[in-house]
Amino acid sequence: MHAVGIVAAAGSGLRLGADQPKALVPLAGRPLVCWAVDALRAGGATDVIVAVPAAERAAFAAVLPADVVLVDGGASRTASVRAALAAVAATADAVLVHDAARPLTPPAVVARVLAALAAGARAVVPVLPVVDTTVAVDDDGIVTGALPREPLRRVQTPQGFDRATLVDAYGRLPDGAELTDDAAVVHTIGVQVATVAGDERAAKVTVAHDLALAELQVAQ
Ligand code: CTP
Ligand code: MG
């Protein structure tokens, strides 16, 4: 199977609060985006396309391998993935969409997603169980009830898709639509989304504490 990896790296990282785009922030001395590209390749992606902030293209080119294709991202994650998807070769069978902000994703997670695609799934997401009691609240923050935890899952990346299915779904998505992940995009055209086991080590770096945890993980 010819699988192309897309890395969404065009965010600014407001919540991390660094003085550069989050994807360029170092983890054990290497930018997050480099870790994410390596994970995709180690797990089976052959080509990688990275969506970067347009103004920072040179900085990304300086740290990424020369065979990684860079495209200008957009104002939202959805727009960035859409731009990268336009650069995916029509000969690819599968597309893996990954967050640069998940640097320590084990290659085994990538491989599980690819295996599910090879077995016939059109869309696959890695998931983890919800371990905390999860409640709904009203506008005043008052708890209205606990949600049954058993059917809930936390969704990670990389998310894998049959290429034609993902292209079709993005093609039908209105300009300016903003969805938080790509499974949500294919869900809008009624495609069934399968799940495989995710991994706590694939956690997203969102705030400074997450980066500190990632540093500890590398040092282990
Ligand atoms: N992303 C992107 N293009 C955007 C916004 C986000 O490619 N316009 C990417 C980010 O680079 C990141 C991933 O989507 O790898 C997940 O987004 P998030 O963790 O929210 O990153 P940021 O948007 O950069 O962070 P923040 O929301 O704190 O500003
Ligand atoms: Mg964001």
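When a ligand or atom number is given, it counts from 1 through the structure's own listing order.
- Pairs of residues two or more places apart, or lying in two chains, that qualify as side-chain hydrogen bond (donor to acceptor under 3.5 Å, both in side chains) and include a residue from residues 206-220 are K204-T206.
- Within the 4.5 Å cutoff, the side chain of V48 has heavy atoms near those of the V7 side chain.
- Side-chain contact between S12 and P21 is absent, with no heavy atoms from C-beta onward closer than 4.5 Å.
- In terms of hydrophobic clustering, with Ile, Leu, Val, Met, Phe, Trp and Tyr side chains grouped at heavy-atom distances under 4.5 Å, V33 and L211 are assigned to different clusters.
- Qualifying side-chain hydrogen bond (donor to acceptor under 3.5 Å, both in side chains) partners for R154, counting only residues two or more places apart in sequence or in other chains: E200.
- Within 4.0 Å of ligand 1, heavy atoms belong to protein residues A8, A9, A10, G11, S12, G13, L14, R15, K22, G74, A75, S76, R77, S80, D99, A100, A101, K204.
- Applying the side-chain hydrogen bond (donor to acceptor under 3.5 Å, both in side chains) rule to pairs touching residues 70-87 yields R57-D72, R77-D99, R77-D182, sequence neighbours excluded.
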